[in-house]
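Nothing fancy with the numbering, it's 1 onward along the sequence.
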Amino acid sequence: MSPSESPVRVRIDLAYDGAPFAGWARQPGLPTVQGALEDALAVLVRRDVRVAVAGRTDTGVHARGQVVHLDLAPEEWAGLARGREEGPARALERRLTGALAHVLGRGRREQGLPECPGAVVVRRAGAAPAGFDARFSAVSRRYSYRIDDGAAGRDPLTRHLTWWSKDVLDVPVMARAAQELVGLHDFLSFCRPREGATTVREVLDVSVERDRDGLVLLGIEADAFCHHMVRSVVGAAARVGAGREDPDWLGRRLAERVRDAKALLAPPHALVLEEVRYPGDAALGERAERTRARRAPLGDPRGEAPGGNLRDALREPRHDAPGAADGPGRPRGD
């Protein structure tokens, strides 16, 4: 690509089964979702490719609505169709699906790993609008977590996607207690902090209910998540639901900002990244720039959420899928 040419930014929407992988992020000698995706993309463009992701997931965590972006030279984008009568976006979906089948099949077998065809699915692909950044343009991420507490009888066919609790949980009490988490707070009590990183996050919504199969379904949406934040919230809510803590304990723990022996980390295999939400096309670039600004501690006059008013942003026209099929072109939740 010559210096005068602008790259084509490509958005890819993915779903994946996290069980066969050691998390999202590429790691030497370990099978990861990012590694599989980048290896498949390298087959198509015949060079190493690096993608940026909306939210990294830990070992065993799944996704229905993951989003990544990458940049291609204009000739690489146009050449994806290889002379066929289809646009680059459709060609990328088709060819990337085939390349993933090879990487997750024969590729894993040659590494001595079990084959897992279909573990990564391309939902959509296309040229992204100007200013789009999968990570920094995002307004929020939404996760779900399912618990089987035996209230409706155990289903062994769902054991790989649910946390089997030995306690029957009081769902209405859990739902009320979880509302203490909504808003802009320092979630140190529910995070595994990293040096130099903030643990301030804005939770937009939390819900706890029983689904039609009798499972306890916890849903949570926030601007971003600290490492292990969702699983820590689930573990704490389960302590309340089991009667080990009173309904006000979640709020008190949030205010105390402590990490102690009462921190219960729910297992990863029942956690799913359901959706990443973005503002309308015109606001994508501005949102990315504001998110890149480091968030100040609570109480600091600079401590506004890095995108301004998130609820206002969520009321704007949303961009939850790529644009026209062939048009121009910090967070964790585990």
**Prompt:** What distance do Thr199 atom OG1 and Arg257 atom CZ have between them, rounded to the nearest 0.5 Å?
**Reply:** 6.0 Å
**Prompt:** Transitively linked via ILVMFWY side-chain contacts under 4.5 Å: Trp249 with Val171?
**Reply:** yes
**Prompt:** Roughly how far, to the nearest 0.5 Å, is CZ of Arg231 from CH2 of Trp163?
**Reply:** 10.0 Å
**Asked** What's the spacing between Arg141 CZ and Glu221 CD if we round to 0.5 Å?
**Response** 10.5 Å
**Item:** Val206 and Met174, any side-chain heavy atoms less than 4.5 Å apart
**Value:** no
**Asked** Any idea which heavy atoms bring His227 and Asp58 closest together, and the distance?
**Response** NE2-OD2, 3.3 Å
**Prompt:** Roughly how far apart are Arg239 CZ and Leu250 CG, rounded to 0.5 Å?
**Reply:** 10.5 Å
**Message:** With no hydrogens and no angle check, just 3.5 Å: does a side-chain donor-acceptor pair link Gln27 and Thr32?
**Reply:** no
**Request:** Check Val51, Leu70, Leu41 against Val10 for a side chain to side chain contact (heavy atoms under 4.5 Å, CB included) and give me the one that passes.
**Result:** Leu70
**Complete:** Value for CG (Leu80) from CG (Leu92), rounded to nearest 0.5 Å, stands at 5.5 Å
**Donor-acceptor contact below 3.5 Å, side chain Gln111 vs main chain Gly107** = yes
**Message:** Taking CZ in Arg252 as the centre, count heavy atoms belonging to other residues, nucleotides or ligands within less than 6.0 Å. Is the count above 12?
**Reply:** yes
**Request:** Could you tell me whether a side-chain N or O of Ser144 sits under 3.5 Å from a main-chain N or O of Gly219, the two making a donor and an acceptor?
**Result:** no
**Message:** Treating Ser140 as the side-chain partner and Asp223 as the backbone partner, does any N or O pair qualify as donor plus acceptor under 3.5 Å?
**Reply:** no
**Asked** Of Arg64, His62, Arg142, which is the lone residue that meets side-chain hydrogen bond (donor to acceptor under 3.5 Å, both in side chains) with Glu274?
**Response** Arg64
**Asked** Is Glu275 reaching over with its side chain to a backbone N or O of Gly65, donor-acceptor style, under 3.5 angstrom?
**Response** no
**Message:** In the structure I gave you, are the side-chain heavy atoms of Arg253 and Phe190 within less than 4.5 Å of one another anywhere?
**Reply:** yes
**Message:** Counting C-beta onward and ignoring hydrogens, is there a side-chain heavy-atom pair between Leu14 and Val122 closer than 4.5 Å?
**Reply:** yes
**Asked** Of the non-hydrogen atoms in Pro20 and Pro31, which two are nearest, and what is the gap between them?
**Response** O-CG, 4.0 Å
**Request:** Please report the C-alpha distance between Asp211 and Glu209 in whole Å, then the side-chain angles of each, then the deciding distance to 0.1 Å, and finally whether the side chain to side chain contact (heavy atoms under 4.5 Å, CB included) criterion is met.
**Result:** CA-CA 6 Å; Asp211 68 13; Glu209 60 188 6; 6.0 Å; no
**Asked** CZ of Arg46: more than 12 outside heavy atoms within 6.0 angstrom?
**Response** no
**Item:** Side-chain heavy atoms of Asp213 within contact of Asp155, under 4.5 Å
**Value:** no
**Item:** Arg106, CZ: over 12 other non-hydrogen atoms inside 6.0 angstrom
**Value:** no
**Asked** For Pro156, does its backbone N or O pair with a side-chain atom of Arg159 as donor and acceptor, under 3.5 Å?
**Response** yes
**Message:** Tell me whether the rings of Phe132 and Tyr278 are parallel (<30°), tilted (30 to 60°) or perpendicular (>60°).
**Reply:** tilted
**Asked** Just by distance, do the side chain of Ser165 and the backbone of Asp149 share a donor-acceptor pair under 3.5 Å?
**Response** no
**Asked** Should Leu217 and Leu271 be regarded as members of a common hydrophobic cluster, given that ILVMFWY residues are connected when their side-chain heavy atoms come within less than 4.5 Å of each other, either directly or indirectly?
**Response** no
**Message:** Do Pro279 and Arg287 have side chains that approach each other closer than 4.5 Å (heavy atoms only, starting at C-beta)?
**Reply:** yes
**Closest heavy-atom pair and its distance - Ala177, Val240** = CB-CG1, 4.1 Å
**Prompt:** Does Arg108 make a cation-pi contact with Phe21 (under 6.0 Å, within 45 degrees of the axis)?
**Reply:** yes
**Request:** List the steps, then state whether side chain to side chain contact (heavy atoms under 4.5 Å, CB included) holds for Val208 with Tyr145.
**Result:** CA-CA 9 Å; Val208 187; Tyr145 196 99; over 6 Å; no
**Item:** Shortest non-hydrogen contact from Gly235 toward Ala266
**Value:** N-CB, 4.2 Å
**Complete:** Rounded to the nearest 0.5 Å, the CG atom of Asp133 sits from the CG atom of Leu284 at a distance of 9.5 Å
**Request:** Could you give me the CA-CA distance, side-chain angles and deciding distance for Phe225 and Leu273, then say whether side chain to side chain contact (heavy atoms under 4.5 Å, CB included) is met?
**Result:** CA-CA 11 Å; Phe225 292 91; Leu273 171 59; over 6 Å; no
**Request:** Quickly, which of Thr162, Leu161, Val216 forms a side chain to side chain contact (heavy atoms under 4.5 Å, CB included) with Asp148? Name it, please.
**Result:** Thr162
**Message:** Test of understanding: clusters of I, L, V, M, F, W, Y form through side-chain heavy atoms closer than 4.5 Å, transitively. Do Leu215 and Val230 belong to the same one?
**Reply:** no
**Asked** Charged N to carboxylate O under 4.0 angstrom, Arg124 versus Asp13?
**Response** yes
**Asked** How close do Met229 and Cys191 get, heavy atom to heavy atom, and via which atoms?
**Response** CB-SG, 4.0 Å
**Prompt:** How about Pro268 and Thr59: do any of their side-chain heavy atoms sit closer than 4.5 Å?
**Reply:** no
**Same apolar cluster: Val272 and Val67, side chain cutoff 4.5 Å** = no
**Complete:** Closest heavy-atom pair, Ala151 versus Val168, reported as atoms and distance to 0.1 Å, is CB-CG1, 4.4 Å
**Prompt:** Between Ile220 and Val234, does a side chain to side chain contact (heavy atoms under 4.5 Å, CB included) hold up when you go through it step by step?
**Reply:** CA-CA 10 Å; Ile220 184 168; Val234 172; over 6 Å; no
**Item:** Arg154 NZ/CZ over Trp164 ring centroid, <6.0 Å and within 45° of normal
**Value:** yes
**Request:** For residues His228 and Leu265, determine if any side-chain heavy atom of one lies less than 4.5 Å from a side-chain heavy atom of the other.
**Result:** yes
**Request:** Look at Asp39 together with Arg26 and state whether they make a salt bridge at an N to O cut-off of under 4.0 Å.
**Result:** yes
**Request:** Answer yes if Val53 and Leu30 sit in the same cluster of Ile, Leu, Val, Met, Phe, Trp and Tyr residues linked by side chain heavy atoms under 4.5 Å apart, and no otherwise.
**Result:** no
